[in-house]
Trainee: 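Can you read through this structure? Questions will come right after.
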Amino acid sequence: MKNQTTTNTGTGTRFAPSPSGDLHVGGARTALFCWAFARGRQGRFVLRIEDTDRKRSSGAAALGFLEDLDWLGMSWDEGPELDGSTRGEHGPYFQSQRLELYQKHLADLLDRDLAYHAFDTAEELDDKRRAARAAKQPYRYDRAGLEVPRDERIARAEAGEPHVVRFRTPDRPVVITDAVLGEATLPEGEVDDFVIRKADGYPTYHFAVVVDDALMECTHVLRAQEHFNNTAKHLLLQEALGFPHPVYGHLSLIMNPDGSKMSKRDKDKAVRAAVKQAGIEAPPEGSIAPEVFNAWIADKKAQLENTDLVRLAEALDVELPEINVKDFRRSGYLPEVLCNFLALNGWSPGNDLEKFDNAFLAEHFDLSRVQKTPARFDRDKLRAFNLDAIQSMTPREFRDKVHAHGEQFHPEFLNRLSDEQFDMLAEASRERSKTLDELYQGNRWLVVEDGDLSWPISKGVRKAMLKGEPRGLDLLEQLLPTLAGLEAFTAVALEGTITAWADEHCEGNLGKIAQPLRIAATGGTVSPPVFDTLAMLGRESFVARANGCIRALHEHAATMNT
RNA sequence: GGCCCCAUCGUCUAGUCAGGUCCAGGACACCAGGUUUUCAUCCUGGGAACAGGGGUUCGAAUCCCCUUGGGGUCACCA
């Protein structure tokens, strides 16, 4: 993260999110490409916050994305810092703090009659828009504001009458040259006299972005494809202001597997679907406030606050789809894997190579290989990449990473384990974990009190414990005293003893006794290798659980017979 | 709906710009078999695409046109 402005060769890129919530994966990919492009050319990578919408900007959310970029391994040369100060020579980096800069260029446009004050009310414009929509016509501003003579416009604006400032768009076609999409010509009339300063005095996106990209010396603008048509406006503005045109590259969107746009809304949708499926009319006890729930259900367009969403999802046992970088982090994906995978959605090195790191990306990334079509985000493939990365870690590396993940997301789990237990668990899970979170999701049995463990009679439990001759339950009872009296309760000792016992009592079929032992220890049929499982638990816990299990299953068998 | 852009296995993609080496390669997913004390991992094998139709050419996944399909956009949001 050192300042590289002194060594730059002229290439400059920027990532400029609006401060609404956490960093979306699509935004992360845009940032990654901007970062890689600058780094590969010894250029500057600048961060800027586009907070010109006063309604949507909140101070707290503004800098959340810095943490995400940092986690992903991207460094920036200039931008706002986590502590709120800034660094770099092109600041400030909050657009809301650059108002006088915009004002200066706007006055220039006004003076040269390339922009004008317009006094249409929001209602008037709304009506016109609705009419156009009803007539199935595209809406374009009709230049009603221009009917007021220039002197009068200026006088009324100076008198304080509410107004916006519009750009006087030249009547001619605009050619957009895009490094990814090629060349496109927008016919004359396609771009209308768009607003460049809102009634509240703030610039619109179009104006701020053009001024800032020029002032911050951005030579290359890589951004989401939703801005492609806007580029015409920006090109025109640059010409009017005498700014150079940066090279544009528009990146296709990232879609869900079903082809829909991948958005924060998907989380809300997932929970709504679960509510509908469960057929409930009130929030589950202890999840969220009934008023909140009712208001949310009543309005299909409403979105639940994130904390409420998470709570409700937990209560309904639905998994929220990962959308933001933070979601993927919580789910236990490695940052380098996420970057790798994100880069692969829309870019490839041009051969069969798929696994690469950010350094490789920075060295090889180029605009000509960026995909034009939207990519569907395939979490299965991401998981496969993550597994691969985990498997290539050293035991120590995995232990440390999975522990750090637990400290952040499952501290209560960690608190209940000794270091020794954790190390055993980590090693037993290392080559089978697709994410850092799996260890915590799949081993709850290890952190419940012995007295709180139960043995639900699932199909698997019934088969392993109560069916066949002899029943698994009987074998467990026979073997238990031997294990209880074992000198060392270690995985190695247990393996020796149990295998030998299986040779004698199960015709060498270890499976006959392994499942009963696992069930006794965990209450379920899935766990790490059984000897590790028992050793992790320790003799005392295991014996207590086994006795509890035997008792519970006998009771169950008895009630079934009567 | 107007305007703009795009189109290779289910998915991400290589090959397209400079037409032949492509009856189209890789990865994930899927299917079958194997290893395994559960789950997972792991090993082996398999099916799977140039959207459709016209051209141009000795020759087209590659160039042109049309159709179809997909995406973007049409705010005092960015």
Side-chain angles (χ1 to χ4, degrees), chain A residues 16-20 50-53 55-56 118 120 122 125-126 129 132-133 135-141 162-166 176 178 180-182 184-187 189-192 194-200 202-206 208-209 223-232 250 252-253 255 257 259 261 341 344-355 368-369 371-385 387 391 429 431-434 438 442 460 464 495 498-499 502 509-515 517-519 522 524-531 533:
Chain A
S18 59
S20 50
E50 312 224 315
D51 58 345
T52 54
D53 183 357
K55 288 186 286 293
R56 290 208 305 181
D120 314 76
L125 294 175
D126 270 355
R129 240 192 308 276
R133 202 185 164 80
K136 297 207 166 190
Q137 294 293 314
Y139 170 76
R140 293 289 116 90
Y141 180 62
H163 66 276
V164 299
V165 174
R166 286 180 183 270
I176 302 172
D178 187 286
V180 172
L181 298 172
T185 305
L186 298 198
E190 196 53 32
V191 182
D192 65 2
F194 55 96
V195 174
I196 56 181
R197 189 180 68 187
K198 307 178 219 176
D200 65 5
Y202 276 57
T204 59
Y205 165 73
H206 306 298
V209 81
R223 51 161 46 157
Q225 206 165 80
E226 63 195 79
H227 290 304
F228 183 78
N229 290 48
N230 290 335
T231 306
H250 287 90
S252 61
L253 268 31
M255 316 298 269
K261 199 161 158 179
F341 188 69
L344 226 39
N345 273 254
W347 183 80
S348 87
N351 49 36
D352 290 340
L353 183 70
E354 285 199 305
K355 305 278 174 72
S368 67
R369 301 200 59 83
Q371 205 74 17
K372 297 174 182 155
T373 50
R376 298 180 188 210
F377 195 89
D378 182 0
R379 290 186 181 78
D380 284 332
K381 188 160 179 171
L382 209 215
R383 260 190 290 277
F385 273 39
L387 171 74
Q391 285 180 336
S429 310
E431 286 182 331
R432 44 204 290 123
S433 293
K434 292 192 174 182
E438 269 178 18
E495 177 163 14
I498 295 169
T499 330
N509 189 347
L510 189 56
K512 279 254 189 298
I513 186 62
Q515 272 311 70
L517 287 169
R518 170 175 285 115
I519 290 163
T522 70
T525 56
V526 176
S527 86
V530 72
F531 310 120
T533 299

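Reminder, nothing fancy here: chain letters follow the sequence lines and each chain counts from 1.
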Trainee: Does A:Arg376 put a side-chain nitrogen or oxygen below 4.0 Å from OP1 or OP2 of B:rU13?
Mentor: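 No, A:Arg376 has no side-chain N/O under 4.0 Å of OP1/OP2 on B:rU13.
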Trainee: What's the closest nucleotide to the A:Glu226 side chain, out of B:rG26, B:rU73, B:rU38?
Mentor: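 Looking only at side-chain atoms, A:Glu226 lies closest to B:rU73.
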Trainee: Any protein N or O atoms within reach of nucleotides 41-47 of chain B? Criterion: under 3.5 Å, listing atom names and distances.
Mentor:
{"unit_1": "B:rU41", "atom_1": "OP1", "unit_2": "A:Lys434", "atom_2": "NZ", "d": "3.1"}
{"unit_1": "B:rU41", "atom_1": "O3'", "unit_2": "A:Gln391", "atom_2": "NE2", "d": "3.3"}
{"unit_1": "B:rU41", "atom_1": "O2'", "unit_2": "A:Gln391", "atom_2": "NE2", "d": "2.9"}
{"unit_1": "B:rU41", "atom_1": "O2'", "unit_2": "A:Glu431", "atom_2": "O", "d": "3.4"}

Trainee: Taking atom C1' in both B:rC9 and B:rU13, what distance in whole Å separates the two?
Mentor: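 Nearest-Å result for B:rC9 against B:rU13 at atom C1': 11 Å.
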Trainee: Distance check needed: B:rU73 P versus A:His206 NE2, whole Å only.
Mentor: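 Computing the A:His206:NE2 to B:rU73:P distance gives 12 Å.
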Trainee: Base, sugar-phosphate or nothing for A:Pro529? Non-hydrogen atoms, less than 4.0 Å.
Mentor: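 Base, at least one base heavy atom under 4.0 Å.
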Trainee: Could you state the CZ-C1' distance from A:Phe194 to B:rC74, rounded to the nearest angstrom?
Mentor: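 Answer to the nearest Å: 14 Å.
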Trainee: Please classify the nucleic acid contact of A:Lys355 as base, sugar-phosphate, or nothing, using heavy-atom distances under 4.0 Å.
Mentor: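 Touches nothing.
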Trainee: So what does A:Arg129 touch, heavy atoms closer than 4.0 Å: a base, only the sugar-phosphate, or nothing?
Mentor: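 Counting heavy atoms under 4.0 Å across all strands, the contact made by A:Arg129 is with sugar-phosphate only.
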Trainee: Considering only atom C1', compute the distance from B:rC30 to B:rA48 and round it to an integer number of Å.
Mentor: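 Roughly 9 Å separates the two C1' atoms.
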Trainee: What do the steps show when you test A:Ser252 against A:Lys372 for side-chain contact (heavy atoms from CB on, under 4.5 Å), and what is the final call?
Mentor: CA-CA 6 Å; A:Ser252 61; A:Lys372 297 174 182 155; over 6 Å; no
Trainee: Say we look at B:rG25 and B:rU16: how far apart would their P atoms be, to the nearest angstrom?
Mentor: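 Result for the P pair: 16 Å, nearest Å.
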Trainee: Quick one: label A:Ser527 by what it contacts on the DNA or RNA (base, sugar-phosphate, nothing), any heavy atom closer than 4.0 Å.
Mentor: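 Counting heavy atoms under 4.0 Å across all strands, the contact made by A:Ser527 includes a base.
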Trainee: Let me know the distance between CG of A:Leu382 and C1' of B:rA27, rounded to the nearest Å.
Mentor: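 Going from CG in A:Leu382 over to C1' in B:rA27 covers 13 Å.
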Trainee: A:Ser348 side chain N/O closer than 4.0 Å to the phosphate oxygens (OP1, OP2) of B:rA14?
Mentor: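 Indeed, a polar side-chain atom of A:Ser348 lies that close.
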Trainee: Any salt bridge linking A:Arg140 with A:Glu190? Criterion: basic side-chain nitrogen under 4.0 Å from a carboxylate oxygen.
Mentor: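 Result for this pair is yes, salt bridge flagged.
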Trainee: Base, sugar-phosphate, or nothing: which does A:Thr185 touch, judged by heavy atoms less than 4.0 Å apart?
Mentor: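 Sugar-phosphate: the residue A:Thr185, judged by heavy atoms under 4.0 Å, touches backbone atoms but no base.
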Trainee: Looking at A:Tyr141, I'd like to know if the NZ or CZ of A:Arg166 sits under 6.0 Å from its six-membered ring centre while staying within 45 degrees of the ring's axis.
Mentor: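 Positive - A:Arg166 is close enough to the ring of A:Tyr141 and near enough to its axis.
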Trainee: Have a look at A:Asn230 and say if it touches a base, only the backbone sugar-phosphate, or nothing, with a 4.0 Å heavy-atom cut-off.
Mentor: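 If one applies the 4.0 Å heavy-atom cut-off, A:Asn230 turns out to touch a base.
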Trainee: Would you say the side chains of A:Arg223 and A:Thr231 form a donor-acceptor pair under 3.5 Å?
Mentor: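 Judged by distance alone, the side chains do pair up.
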Trainee: So, the side chain of A:Thr52 versus the backbone of A:Tyr202: is there a donor-acceptor pair under 3.5 Å, distance only?
Mentor: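 No, because the side chain of A:Thr52 does not come within donor-acceptor range (under 3.5 Å) of the backbone of A:Tyr202.
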Trainee: Quick check for you: among B:rC4, B:rG71, B:rC28, whose closest atom lies nearest to any side-chain atom of A:Gln225?
Mentor: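 From the listed options, B:rG71 comes nearest.
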Trainee: Looking across every strand, which nucleic acid part, if any, lies under 4.0 Å from A:Pro528 by heavy atom: base, sugar-phosphate, or nothing?
Mentor: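 Base contact.
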Trainee: When rounded to the nearest Å, what value does the distance between C1' atoms of B:rC12 and B:rC4 take?
Mentor: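 That atom pair is separated by 26 Å.
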Trainee: Can you figure out which of B:rG26, B:rG71, B:rC28 approaches the side chain of A:Glu354 most closely?
Mentor: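 Output: B:rG26.
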Trainee: Write down the atom of A:Val164, the atom of A:Ala199, and the distance for their closest heavy-atom approach.
Mentor: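 For A:Val164 versus A:Ala199, the nearest heavy atoms are CG1-N, 3.8 Å.
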Trainee: Need one value for A:Phe531: base, sugar-phosphate or nothing, where a base atom within 4.0 Å counts as base even if backbone is also close, heavy atoms only.
Mentor: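 Base contact - A:Phe531 has a heavy atom under 4.0 Å of at least one base atom.
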Trainee: For A:Trp347 and for A:Val526, locate the closest nucleotide of RNA chain B by heavy-atom distance; then report the residue assigned to the nucleotide nearer the 5' terminus.
Mentor: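 By nearest-heavy-atom nucleotide position, the 5'-most residue is A:Trp347.
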Trainee: Would the number of heavy atoms belonging to other residues, nucleotides or ligands and lying under 6.0 Å from NZ of A:Lys355 be above 12?
Mentor: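 Enclosed: over 12 neighbouring heavy atoms sit under 6.0 Å from NZ of A:Lys355.
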Trainee: Any idea which of B:rC12, B:rU73, B:rU37 is nearest the A:Leu344 side chain?
Mentor: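 Looking only at side-chain atoms, A:Leu344 lies closest to B:rC12.
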Trainee: Is any side-chain nitrogen or oxygen of A:Gln371 closer than 4.0 Å to OP1 or OP2 of B:rA14?
Mentor: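 Yes, within the criterion.
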Trainee: With a 4.0 Å limit, can you tell me whether A:Arg518 has a side-chain N or O closer than that to the phosphate oxygens OP1/OP2 of B:rC39?
Mentor: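 False: A:Arg518 side-chain N/O out of range (4.0 Å or more) of B:rC39 OP1/OP2.
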Trainee: Identify the nucleotide, in any strand shown, that forms a Watson-Crick or G-U wobble pair with B:rU36, with both distances under 3.5 Å; if there is none, say none.
Mentor: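 Base partner found: none.
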Trainee: Please compare A:Asn351 and A:Thr525 by the position of their nearest nucleotide in RNA chain B and report the one closer to 5'.
Mentor: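 Result of the comparison: A:Asn351.
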Trainee: Scan A:Ala199 against the nucleic acid and name what it touches under 4.0 Å (heavy atoms): base, sugar-phosphate only, or nothing.
Mentor: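 The residue A:Ala199 makes base contact.
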Trainee: May I ask you to verify whether the side chain of A:Lys381 and the base of B:rA27 hold a donor-acceptor pair under 3.5 Å?
Mentor: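 Such a pair is found, so the answer is yes.
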Trainee: What I want to find out is whether A:Glu354 reaches A:Lys381 closely enough, with some N-O distance under 4.0 Å, to be called a salt bridge.
Mentor: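 Yes, A:Glu354 and A:Lys381 are salt-bridged.
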Trainee: I want to check something: taking the side chain as every heavy atom from C-beta on, are A:Glu438 and A:Ser433 in contact at a cut-off of under 4.5 Å?
Mentor: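 A:Glu438 vs A:Ser433: side chains touch.
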Trainee: With a 4.0 Å cutoff (strictly under), does any side-chain N or O of A:Lys198 reach OP1 or OP2 of B:rA75?
Mentor: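 Looking at the OP1 and OP2 atoms of B:rA75, neither is under 4.0 Å from any side-chain N or O of A:Lys198.
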Trainee: OP1 or OP2 of B:rA14 less than 4.0 angstrom from a side-chain nitrogen or oxygen of A:Arg369, does that happen here?
Mentor: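 Checking A:Arg369 against B:rA14: at least one side-chain N or O falls below 4.0 Å of OP1 or OP2.
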Trainee: Can you tell me, in whole Å, how much space there is between the C1' of B:rC22 and that of B:rA61?
Mentor: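 Between the two C1' atoms, the distance is 8 Å.
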Trainee: For nucleotides 33-36 of chain B, print each protein N/O atom paired with a nucleotide N/O atom at under 3.5 Å, atom names and distance only.
Mentor:
none

Trainee: Counting side-chain heavy atoms from CB outward, which of B:rU38, B:rC76, B:rC5 is closest to A:Val164?
Mentor: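 For the A:Val164 side chain, the nearest candidate turns out to be B:rC76.
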Trainee: Using the C1' atoms only, state how far B:rG10 lies from B:rG47, rounded to an integer number of Å.
Mentor: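 Result for the C1' pair: 12 Å, nearest Å.
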Trainee: Reckon A:Arg383 has a side-chain N or O less than 4.0 Å from the OP1 or OP2 of B:rA40?
Mentor: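 The answer is no; no side-chain N or O of A:Arg383 sits under 4.0 Å from OP1 or OP2.
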Trainee: Below 3.5 Å, does any donor atom in the side chain of A:Gln137 face an acceptor in the base of B:rG1, or the other way round?
Mentor: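 Side chain to base: no pair below 3.5 Å.
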Trainee: I'd like the P distance from B:rG70 over to B:rA29, given in whole Å.
Mentor: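 Going atom to atom, P in each nucleotide, I get 28 Å.
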Trainee: Ignoring hydrogens and geometry beyond distance, is a side-chain donor-acceptor pair present between A:Ser527 and A:Thr533 at under 3.5 Å?
Mentor: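 On atom types as modelled, these side chains qualify, holding a pair under 3.5 Å.
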Trainee: For B:rC58 versus B:rG19, give the span between their C1' atoms, rounded off to a whole number of Å.
Mentor: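 About 12 Å, rounded to a whole number of Å.
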Trainee: Classify the nucleic acid contact of A:Asp120 as base, sugar-phosphate or nothing, counting any heavy atom under 4.0 Å across all strands shown.
Mentor: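 Base: the residue A:Asp120, judged by heavy atoms under 4.0 Å, touches a nucleobase.
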Trainee: Just by modelled atom types, is the A:Pro17 backbone N or O under 3.5 Å from a matching donor or acceptor in the A:Glu50 side chain?
Mentor: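 Flag not set: sc A:Glu50 to bb A:Pro17 has no pair under 3.5 Å.
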Trainee: Can you name the closest pair of heavy atoms from A:Arg379 and A:Pro257 and give their distance?
Mentor: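 Heavy atoms of A:Arg379 and A:Pro257 come nearest at NH1-CD, 4.4 Å.
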Trainee: Any base atoms under 4.0 Å from A:Arg166, or only sugar-phosphate, or nothing? Heavy atoms, all strands.
Mentor: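 Contact class for A:Arg166: sugar-phosphate only.
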Trainee: Would you call the rings of A:His227 and A:Tyr205 parallel, tilted or perpendicular, taking 30° and 60° as the class edges?
Mentor: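 A:His227 and A:Tyr205: parallel rings.
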Trainee: Please determine if a side-chain N or O atom of A:Ser433 lies less than 4.0 Å away from the OP1 or OP2 oxygen of B:rA40.
Mentor: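 No, no such contact exists.
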Trainee: How would you label the contact of A:His250 with the nucleic acid (heavy atoms, under 4.0 Å): base, sugar-phosphate, or nothing?
Mentor: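 Nothing: the residue A:His250, judged by heavy atoms under 4.0 Å, touches no strand.
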Trainee: Any idea which of B:rA78, B:rC3, B:rC12 is nearest the A:Leu186 side chain?
Mentor: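 Of all the options, the side chain of A:Leu186 is nearest to B:rC3.
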Trainee: Counting any heavy atom closer than 4.0 Å, what does A:Gly182 reach on the DNA or RNA strands: base, sugar-phosphate only, or nothing?
Mentor: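 The answer is nothing, as A:Gly182 stays clear of every strand by at least 4.0 Å.
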Trainee: With both distances under 3.5 Å as the test, what is the Watson-Crick or G-U wobble partner of B:rA7?
Mentor: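 The answer is B:rU68, by the H-bond criterion.
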Trainee: For A:Val195, which contact category applies under a 4.0 Å heavy-atom criterion: base, sugar-phosphate, or nothing?
Mentor: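 If one applies the 4.0 Å heavy-atom cut-off, A:Val195 turns out to touch the sugar-phosphate alone, with no base involved.
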Trainee: Any donor and acceptor pair, going by atom type alone, linking the side chain of A:Thr522 with main-chain N or O of A:Arg518 inside 3.5 Å?
Mentor: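 Confirmed, A:Thr522 side chain pairs with A:Arg518 backbone.
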